[in-house]
Amino acid sequence: MKTLHKLTLLSPDSTEGLKKIDLKQGDWSVKSYTLRGGLQEGVDVVEINNGRLSFAVLPTRGMGIWKGECGDVSLGWNSPVKTPVHPSFINYQDRGGIGWLKGFNEWIVRCGLNNMGAPGTDRDGTALTLHGKIANIPAHSVSLEISDEAIILRGEIDETMMLGPALRLNTEIRTEPGSGKLTISDTVTNIGAAPAEHELLYHINYGESLLEKGSKALAPFKHVAPRDLRAAEGIDSFNVYEDPETGYAEQVYFYQLVEKSGSGGTMVMLKNASGDRASVLRYSLSDFPCFTLWKNTAGKADGYVTGLEPGTNYPNCRPVEREQGRLLSLAGGESRRTALSIEVLESKEAVEDAENEINRLQEQVEGKVHRQPLALFSGN
Amino acid sequence: MKTLHKLTLLSPDSTEGLKKIDLKQGDWSVKSYTLRGGLQEGVDVVEINNGRLSFAVLPTRGMGIWKGECGDVSLGWNSPVKTPVHPSFINYQDRGGIGWLKGFNEWIVRCGLNNMGAPGTDRDGTALTLHGKIANIPAHSVSLEISDEAIILRGEIDETMMLGPALRLNTEIRTEPGSGKLTISDTVTNIGAAPAEHELLYHINYGESLLEKGSKALAPFKHVAPRDLRAAEGIDSFNVYEDPETGYAEQVYFYQLVEKSGSGGTMVMLKNASGDRASVLRYSLSDFPCFTLWKNTAGKADGYVTGLEPGTNYPNCRPVEREQGRLLSLAGGESRRTALSIEVLESKEAVEDAENEINRLQEQVEGKVHRQPLALFSGN
Amino acid sequence: MKTLHKLTLLSPDSTEGLKKIDLKQGDWSVKSYTLRGGLQEGVDVVEINNGRLSFAVLPTRGMGIWKGECGDVSLGWNSPVKTPVHPSFINYQDRGGIGWLKGFNEWIVRCGLNNMGAPGTDRDGTALTLHGKIANIPAHSVSLEISDEAIILRGEIDETMMLGPALRLNTEIRTEPGSGKLTISDTVTNIGAAPAEHELLYHINYGESLLEKGSKALAPFKHVAPRDLRAAEGIDSFNVYEDPETGYAEQVYFYQLVEKSGSGGTMVMLKNASGDRASVLRYSLSDFPCFTLWKNTAGKADGYVTGLEPGTNYPNCRPVEREQGRLLSLAGGESRRTALSIEVLESKEAVEDAENEINRLQEQVEGKVHRQPLALFSGN
């Protein structure tokens, strides 16, 4: 491996802000800039193009990935929130704890680190807001490494406070030249001395082009159950999508997936109606034991979107997850490293191969589709 | 009409921020700049001077109008909040939902778009904060057009979220060379697919010089009623002003105005004690059926000010307005365009002419002054 | 006295932001810069070095003092919050009103101006958040004066709103060449017309190097009482410190101090275990009648720190202080000026001299250590 560039784009003692670069090398390019005006004032962007797959990372919004493109496949969706929103405009408590939705328009956005999921009140009276803080904390350290093998963007983000949880995220987003794939390797560290609760979920969202009438979400599972009665209504077609429908209320399904025996890997695929385009997630169940499918095929202008959501637990309010024993706790100084890859498939053959792989995983167990919410998954 | 300048000052994909200009043409001038430091850090200003009337628009604060001047008439007031406040410092929920008041010091500020009026809890549990969000959302698009006929500043602002109302404001602020008048033409569009509730009120505020002991607020009305018992105390002089009085608690009056039969236009005037200076609002009742007069002749240092407030409804908490049938709803994609002009009068003759015009409108009906709050206006 | 420099670093009508300077004069230097990236984006810093004592003031965070150094003595502490945090990222209401802790890492930070102390609900329903607002309001005016006698940094900050308290802080931070001392002279003015309640506390915080096993906090007192049962557990060693201990819950002691008869001055000292390094506060009890000692010898990574806290009252929630008659009220236009000096001692002799001085003050009365909370100090 030959290192071509190694650059600090932002350092923790910066008085300059994000370094602006515009690198091109053969088919690759990396560009950085800062958006100005409106709600996007001050949002830094790093655009990475590996020659085939391109995507835009938002250091200012917790190193989320705003949107991407791979051939004719759009990665992302159209939210009523039109631009990236600077965290200083987000008030988590807005509208009863769902202020997070005022900045929600990314392809890939992390939920966590100390809590994620539905808003509510924790057992000690703490007001928990939707999906936690990490998406609205800017990275204080960003660096880029380009070799002849890969482009790697790294970022560090602190979700800390005095007399409360002190969690640090170190993320590494890696893509290889000419591939349709990126890998997110995240390390969450409790930089405090006392133990801290920890939840992490990747909210990976697709609208058009992959989402359309007849699109399917495929995954090998032991159990699938609707989150609530609304989702139960759609259980007969829980993994198939319809056209946009104004007024459609979201349907959410909780999965317990199967992984390849031995290797620990599982996969989830969203494929289009004609089965020649897809996006595939791969990860280990030891990293993310809980998978959630969010169907929100609302009117186009309201956000026609589905979310594939690998998580440390289900996005119920934290007390439910604690009670069910799914809530992680990191000891003082403890780190937890996870990895997740996302690949775009651009041919019928590739999609069929992936589907066969999922089918083989499914053959290990009989998948059970529950018609009603499970207390185990949703709480009571 | 000959176009002299057509400039984009801010575009939605900007990496530069507000374009800084300093144009002069005969008696006119337009200047833009960004305020720095303190709570005004990052607030953009566009100052327009038509040769007679000048005013300063704040794109960063929802295209509100900070202050103006016309001859010896000051347009605006002295708030305890001394500078424009950047929205990122505003916490709507502050002090029980009145955080809006931490940025309140403009001559003209919009309240809305999804809610305005008193804070409280909506029927679905949503916490509603005073006067809504629009004054604290920055425009993402600003442009300027100067012709030999007019100076027009346009701005676009999104008050949107995922899984919630998605309302867009397009405003056009127009003034003609040498006139004492400006016109605000606003279009509010539901850019979502599902219907969205909508409230809009212009909080148009005057302190000294127009406000003084003996100033009067004149308007042709069918009904005037005090908002509450505190306002009822002052009903005998509801449209006359006193000197500043430390500790004075605000008095608010709700009006049902009369308009010119056929044309649909009405008018409201605030005139000074000697009747030789005034500000006149003109608009249509189909745009703004509800008029509110806010009297706050408190101590000078506490904000000696009155507000003339045309609105789609009264600034009660939203459930009251919904119950009374005054709450608007915009269908997906629907737009609503309104217009409002504000003119400064600078002579006894001009003020008398306007007063005569109001009197003629009043002759159409007998105006009824209610001594007690009306359930119809204030709710129960 | 010969004035060498007189500079406006930030003016209230600035379009430039903090003036960047880098002055050196003999052993002194003053430097200003703006931090970028992460949560520190936009935080201005003014570093003052008098040749012996150096410290960094944060105009953006209410003119707090981030950290300092004097010889081998570190002034400040290691918080889990690693960088100065821009106020626009602070949400006071976070986690039930303790959002202030997300920005808490300074050596010296003011709490106030309208409220400080524990979060809670005031008698009129107002939600009070921990330690008030002043630490998260940027100064709008900053100036520097350097003479052959002293370096003086001045700042002005408004904690105001419409229809609410309007308090202005004018601070003057002064240090003399080659001294280990700085003096903070603060004037708080009610710039409104109606009376306003006022609380002010200096949260002056030390971690390593002054804080270690065997460090002591010394002060001449009439009464010391634990805040609560947790503090009562440690009453036998209320003024002695232990090693860091993960999971240690804070212990807080309320003091009524004694001052030199006639002069009105008192003093508090934190000295290290070997008694050759210390920090001494000096002030008048008429300025700050209430002293609070905060012991938080938690795990190093959680913030091993103690706070010496002179205040206008104790940091209980405001209703308690109002009930006990300790809450100040400023009439419209009224100002209150206070002074506080902080000196670093760097030899056994200097520390012993200061200890003797404290002992002489103590000789005036018999100090009473209460083993249980006093209703008078803590409320019921």
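Chain letters run A, B, ... following the sequence lines, proteins first, then strands; residues in each count from 1.
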When you check the gap from the basic side-chain N to the acidic O, do [X] and [Y] get nearer than 4.0 Å?
X	Y	answer
E106(B)	R61(B)	yes
R322(B)	E197(B)	yes
E233(A)	R230(A)	yes

Taking side chain as everything from C-beta outward and backbone as N, CA, C, O, which of these in [X] sits under 4.5 Å from a heavy atom of chain A? Side chain, backbone, both or neither.
X	result
N190(B)	neither
T15(B)	both
I191(B)	both
N115(B)	neither

- Donor-acceptor under 3.5 Å (T60(A) side chain, D44(A) main chain): yes

- Query: Cation-pi between K133(A) and Y92(A): NZ/CZ under 6.0 Å from ring centre and within 45° of the ring axis?
  - Reply: yes

- In Å, rounded to the nearest 0.5 Å, how long is the span from NE2 of H5(B) to OG of S143(B)? 14.0 Å

- How long is the span from the CD1 atom in I137(B) to the CG atom in L167(B), to the nearest 0.5 Å? 9.5 Å

Region of [X] that comes under 4.5 Å of a non-hydrogen atom in chain B:
X	answer
Y33(A)	side chain
I90(A)	neither
V43(A)	neither
N91(A)	side chain
D94(A)	both

With respect to chain A, which residue among [options] yields the maximal number of heavy-atom pairs within a distance under 4.5 Å?
options	value
S88(B), G192(B), S14(B), G42(B)	S14(B)
M161(B), H140(B), R168(B)	M161(B)
A194(B), A166(B), P195(B)	A194(B)
G332(B), P12(B), G164(B)	P12(B)

- Considering only heavy atoms and a distance below 4.5 Å, find which of S79(A), P80(A), G37(A), G299(A) pairs most often with chain B. P80(A)

- Message: Does K19(B) have more than 12 heavy atoms from other residues, nucleotides or ligands lying within 6.0 Å of its NZ?
- Response: no

- Message: side-chain hydrogen bond (donor to acceptor under 3.5 Å, both in side chains) for E41(B) and H86(B)? Distances and angles first, verdict last.
- Response: CA-CA 6 Å; E41(B) 174 64 37; H86(B) 193 275; over 6 Å; no

